[in-house]
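Working notes, structure below.
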There are 2 protein chains.
Amino acid sequence: MSKPVTISDVAARAGVSPTTVSHALSGRRSVSPSALARVKQAADDLGYRPNQVASSLRTQRTHTVALIVPDIANPYYPAVARGLHDAIAADGYYTTIGSTDGERETELGFLDEMVRRSVDGIIVFAFAMGEEDLTRVVPARIPLVVATHNLTNAHDQVNSDDPAGTETATRHLLAQGITEIAFVSGPKGRGPGDRRLTGYTQAMHSAGIVPTASDIIRSDYTVAGGRQAVGELLSRPRPPRALVCANDLIAIGALEAARDAGVAVPADLAVIGFDDVDAASLVAPPLTTVVNPAYEMGRQCGRLLLDRLIEGYDGPPRSVVVPTHLIIRATA
Amino acid sequence: MSKPVTISDVAARAGVSPTTVSHALSGRRSVSPSALARVKQAADDLGYRPNQVASSLRTQRTHTVALIVPDIANPYYPAVARGLHDAIAADGYYTTIGSTDGERETELGFLDEMVRRSVDGIIVFAFAMGEEDLTRVVPARIPLVVATHNLTNAHDQVNSDDPAGTETATRHLLAQGITEIAFVSGPKGRGPGDRRLTGYTQAMHSAGIVPTASDIIRSDYTVAGGRQAVGELLSRPRPPRALVCANDLIAIGALEAARDAGVAVPADLAVIGFDDVDAASLVAPPLTTVVNPAYEMGRQCGRLLLDRLIEGYDGPPRSVVVPTHLIIRATA
DNA sequence: CTGTTAGCGCCTTCAT
DNA sequence: ATGAAGGCGCTAACAG
């Protein structure tokens, strides 16, 4: 259990002051070649590794970014995390991830802890809390990127272009002459369903069709939920010819419901999902869906943060919209 | 850009010393009721939040655990991360995750940085580096849990019971009277394929069958790789009647290859996967597979760490084996 | 029950 | 080109 090597140890061995060691290793001020060589040698010999905690206390920088999501095990977020990682790793930033299960208390607790830890930036995907909570818990000095739609005007934000995605999907169906199209959403006011609904409505209106209440189905964002909701839908006297679903899991549930009911996809029922999770290309038949670029979302969040952290951008909040696009497989 | 509130600010407002504030808030030594009340009030008024960086420098504890994996976007690892999170969050530990793409330099760099940051523990799932690298980079004082098979005797380790899993899977096929069973592995010496192969071999031997070299197929761990390898296999003059695959992605590729070749599953070709990723239950037909409990793996890693970090266990390295089990769906 | 003192390891003036 | 000194904010040892 030998003690870690400190900068003083290196200084002693190199016959210089700690100050010179610090500068020799950081390059922040010039050091004579001979001193430089001796310091490097000594550091090497001793296996010196600068203590980042001490450095952070002194410099007020931790080179750490906090990512707060509902559940890292939900297939969407790992891709976000990876995109973020790839955007910031090269500049020496690391990520601490918190899963909050969408519970307000947990979210607040995690944010509070990250502030205590002096993280250099925070990225928020989770949201049971409101904007007031956010501004109360996170001091203005810490850059914040919000990736939950419509929540903020006070912070940088990154969103995927959900309306454009479902609009394109719906148009794809309309172009095939299909007009009886239902939208299968999540619970009202929760998650991206509402934003995605607007694109569908938009496209329908453009085609001169006014969707009725019975064309908009509420589900949750799971396979089981989609299966049940669509099962009921298919037992109606006059079921729709196509479905635009708020996410892939619902769409996969819809596929199962169609199979249960002996309805052929896409001949009798066309199905389009949203997200393009891995499973989308693996189900049978492979799912036509809107690509929601999670990786890119994470990357953009990282870039906005670095812009403030490294480039010194200090202007007003900015909004990045990440484009979505339709990928046509076999269900529509 | 107001400066953060420090313990001295609280002390001044409460009319006590910083020491008393520290103890009042941590409860590590008793404080008079009146002082306690004044401190709490003052802390509340000022919105004081203890600086964890300073605390860490003083206490030599960061309450942070590093998790190193090849790729957080690979569906297996988020479940591990969640299991770890759930095991340690209640005790105030947080996780920093590094994706290394299995590159030795990246792995070493990440580990080195985590040591500099004085993390309290490290969990290693990634491995291009060898055990010498590990012991060289990570000082003995930092508890380490290794979840890469057979790499260590010097550290705590957590493994899933791979051999038992494939043995059960193979027996399940043998019990149906099927004897022409091939094993589709990954690249030799990389990943869990070799360990999973042993269970297959074991079961075959028990049934008096000696697999030949042509019964063991090399692929990578992807859908595309599995599809191609099994495609070639099926074009042999006398293809096997069943496949035990080293992971689910390979198995899903096998399903595609069977469809390509017009081979009926499971009637003409039975297929068993490994892992039980989400997609396994979603493909058609739903995949029979061995459940490899990623969440539980992560949880056990966390427990081993906490045992040393909190309980003060200081004995020899321990090994935890997480059981696997077969889940029978429609492909075998 | 409370306070004073010291120092965790580093970086950054300031002085030379 | 180099060093001495001070302090980031906190907590532990020591003293009362």
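Chain naming here is simple, since letters A, B, ... match the order of the sequence lines and numbering starts at 1 in each. This one's a predicted model, so the numbers in the text were calculated from it and none came from an experiment.
Of the side-chain N and O atoms in B:S55, one or more sit less than 4.0 angstrom from OP1 or OP2 of D:dT11. Look at B:S32 and you'll find a side-chain N or O under 4.0 angstrom from OP1 or OP2 of C:dT2.
When rounded to the nearest whole Å, the span between CD of A:Q52 and P of D:dC8 equals 20 Å. The interatomic distance linking B:L25 (CG) with D:dG9 (C1') rounds to 14 Å, in whole Å. Separating the NE2 atom of B:H23 from the C1' atom of C:dT4 is a distance of 13 Å, rounded to the nearest angstrom. Remark: P of C:dC11 and CG of A:N51 are 9 Å apart, rounded to the nearest angstrom. Atom-to-atom, CZ of A:R116 to P of D:dC10 comes out at 11 Å; the value is rounded to the nearest Å. The nearest whole Å value for the distance from the CZ atom in A:R29 to the P atom in C:dC14 is 13 Å. Taking atom CG of B:D9 as the reference point, atom P of D:dC10 lies 9 Å away to the nearest angstrom. Look at CZ on A:R38: it is 14 Å from C1' on D:dG3, rounded to the nearest Å.
Expressed to the nearest 0.5 Å, how far CZ of A:F110 lies from CG of A:L108 amounts to 12.0 Å. Note that CZ of B:R49 is 10.5 Å distant from CD of A:E113, once rounded to the nearest 0.5 Å.
The backbone N or O of B:P18 sits nowhere less than 3.5 Å from a side-chain atom of B:S22 that would complete a donor-acceptor pair. In terms of modelled atom types and a separation under 3.5 Å, the side chain of A:H85 and the main chain of A:A81 share no donor-acceptor contact.
The side chain of A:I7 has C:dC10 as its nearest neighbour among D:dT2, C:dC10, C:dT2. Set against D:dA4, D:dT11, D:dA12, the side chain of B:R28 has D:dA12 as its closest nucleotide. Checking C:dC11, C:dA6, C:dT2 against every side-chain atom of A:R58, the shortest atom distance belongs to C:dC11. Checked against D:dA4, D:dT11, C:dT12, the side chain of A:S17 finds its nearest nucleotide in D:dA4. Minimum atom distance to the side chain of A:T19 is reached by D:dG3, of the listed D:dG3, C:dC8, C:dT4. The listed nucleotides are C:dC8, C:dT13, C:dT2; the one nearest the side chain of B:Q60 is C:dC8. Distances from the side chain of A:V16 to the nucleotides C:dG3, D:dG3, C:dG9 place D:dG3 closest.
Salt bridge present: A:R116 and A:D112 bring a charged side-chain N and a carboxylate O closer than 4.0 Å. Ion pairing of A:R104 with A:E107 is absent here, as no side-chain N (NZ or NE/NH1/NH2) approaches a carboxylate O to less than 4.0 Å. A salt bridge does not link A:R299 with A:D86: none of the charged nitrogens is closer than 4.0 Å to a carboxylate oxygen.
Mapped onto DNA chain C by nearest heavy atom, B:T20 and B:A54 fall at different nucleotides, with B:T20 at the one closer to the 5' end.
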Practice task
Let me see the working for B:T96 and B:L67 under side chain to side chain contact (heavy atoms under 4.5 Å, CB included), right down to the final yes or no.
Solution key: CA-CA 6 Å; B:T96 293; B:L67 172 65; over 6 Å; no
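Side chain A:R117 to base D:dG9: no donor-acceptor pair is found below 3.5 Å.
Backbone-only contact: A:P50 has heavy atoms under 4.0 Å from sugar-phosphate atoms and none from a base. Within the nucleic acid shown, A:P18 has no heavy atom closer than 4.0 Å to any nucleic acid atom.
Paired regions of DNA chain D, where each region holds three or more successive Watson-Crick or G-U pairs whose two hydrogen-bonding distances fall under 3.5 Å, are C:1-16 with D:1-16.
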